[in-house]
Undergrad: 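One structure coming up, written as structure tokens, with questions to follow.
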Number of protein chains: 2
Amino acid sequence: MTNVDLQKINAVEPEARAGDARAEAFQGVRVARRNELAEDYVELIAELIHNQGEARPVDIATKMGVTAPTVAKTLGRLARDGLITRAKYRSVFLTEEGRALAKECRHRHEIVLRFLIRLGLDPETAEHDAEGIEHHVSERTLALFAAFANRS
Amino acid sequence: MTNVDLQKINAVEPEARAGDARAEAFQGVRVARRNELAEDYVELIAELIHNQGEARPVDIATKMGVTAPTVAKTLGRLARDGLITRAKYRSVFLTEEGRALAKECRHRHEIVLRFLIRLGLDPETAEHDAEGIEHHVSERTLALFAAFANRS
DNA sequence: GCCAAAAGTTAGACAAGGCTAACAATCTGC
DNA sequence: GCAGATTGTTAGCCTTGTCTAACTTTTGGC
Ligand SMILES: [Mn+2]
Ligand SMILES: [Mn+2]
Ligand SMILES: [Mn+2]
Ligand SMILES: [Mn+2]
């Protein structure tokens, strides 16, 4: 590491500190948003494999409400990021990593959904809101949601 | 509206119907995501005007945790969309529409935050999660959150 | 087994939202 | 009232995520 690098670090450090808690929250939200699509895709792919035996792009496109080329490009990124494997003109498979993420996402989705329904929301709206909320729920919040959903 | 437009609408309609409830939910989330940034900006701008007397790009950048050029470009879009007005090298003002949106967002943010705290979450995590969740909460869910937060 | 329909891919456009580098304007302390 | 610091803008790059148009491959009905 050069002196210049060290200077940079020392120069940047106070600014990172100066950015208040607010900036941190916004940065966290931006990070969460970057993973949203991948999370929804692997969750859906796992579900299709479970229900249909395989995950075909055409079904992903229908369920996600996007066109086939959009799915193709997104699957390219997921493959690049090590979440899926695929061969040309064949259906999609999850990697070990992809399966782990899918499981985690399904779990989160389930808890948020049950929580909202338990709160008194109708199932359709609950499903709708859960699809967005699930990506912005911390471990702590998830635990509280689960406790509420499971209370007697 | 031209015949071509009508044809397009009629052609698209059945597909929108064919997409099941799931696709609708995902589409709704995508719409919500498109408005997230604008919502956070106008909310922050309103707050800066209230607390500091004016909303300066440098403060927006600090609070949002992004660089000045990013703020400049985003403000350009907000102005284009009729939410703010601005003059070169001057601070930013909300339009009537921007003020209305800011008020609505502040209200939503407040309810989600109070709800999470009431659930038992620590204020820092609550603030963090609220910043993301607020954009994915339907009117119905918001009402339930408010009722829960206000329960005796 | 062929051939049309369905599914998948590729190419290319476009907008959003992030960045750095470079420059311009404004403000401030002396 | 000027110089230097701060603030703001512009230009240009990159990635993501969406689309349409055009193509190729696979599949299934006959
Ligand atoms: Mn989701
Ligand atoms: Mn989900
Ligand atoms: Mn927010
Ligand atoms: Mn907010």
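We name chains A, B, ... by the order of the sequence lines, and we start the count at 1 in each one. Owing to the predicted nature of the structure, the values given are computational and were not obtained by experimental measurement.
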Undergrad: Once you round it to whole Å, what is the distance between P of C/dA16 and CG of B/Leu78?
TA: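 Atom-to-atom, B/Leu78 to C/dA16, this comes out as 11 Å.
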Undergrad: Would A/Glu36 and B/Arg33 pass as an ion pair if we require N to O under 4.0 Å?
TA: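 Yes, A/Glu36 and B/Arg33 are salt-bridged.
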Undergrad: For B/Glu39, give me all partners under side-chain contact (heavy atoms from CB on, under 4.5 Å), at least two apart in sequence or on another chain.
TA: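 Partners of B/Glu39 by the side-chain contact (heavy atoms from CB on, under 4.5 Å) criterion, ordered by chain and then number, come out as B/Asn35, B/Leu101, B/Cys105, B/Arg108, B/His135.
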Undergrad: Please check if any side-chain donor atom of B/Asn150 sits under 3.5 Å from a side-chain acceptor atom of B/Arg118, or the reverse.
TA: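 B/Arg118 and B/Asn150 do not have a side-chain donor-acceptor pair below 3.5 Å.
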Undergrad: So, B/Arg99 and B/Glu96, do they make that salt bridge, N to O below 4.0 Å?
TA: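 Looking at B/Arg99 and B/Glu96, the cut-off is met.
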Undergrad: In whole angstrom, what separates B/Gln52's CD from D/dT7's P?
TA: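 Rounding to the nearest Å, CD of B/Gln52 and P of D/dT7 are 12 Å apart.
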Undergrad: Using a 4.0 Å heavy-atom cut-off, write out nucleotides 9-18 of chain D from 5' to 3' as B (base contacted by protein), S (sugar-phosphate only) or - (no contact).
TA: BBBBB--SBB
Undergrad: Which value, rounded to the nearest 0.5 Å, describes the distance between B/Ile84 atom CD1 and B/Leu94 atom CG?
TA: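 Result: 8.0 Å between the selected atoms.
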Undergrad: Quick one: B/Asp40 CG to C/dA16 C1', roughly how many Å, whole number?
TA: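 Distance check: B/Asp40 CG to C/dA16 C1' gives 15 Å.
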Undergrad: Hey, are B/Glu47 and A/Arg22 close enough for a salt bridge, meaning a charged N less than 4.0 Å from a carboxylate O?
TA: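 Salt bridge present between B/Glu47 and A/Arg22.
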Undergrad: CD1 of A/Ile60 versus P of C/dT9: gap in Å, rounded?
TA: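 It is 10 Å, rounded to the nearest whole Å.
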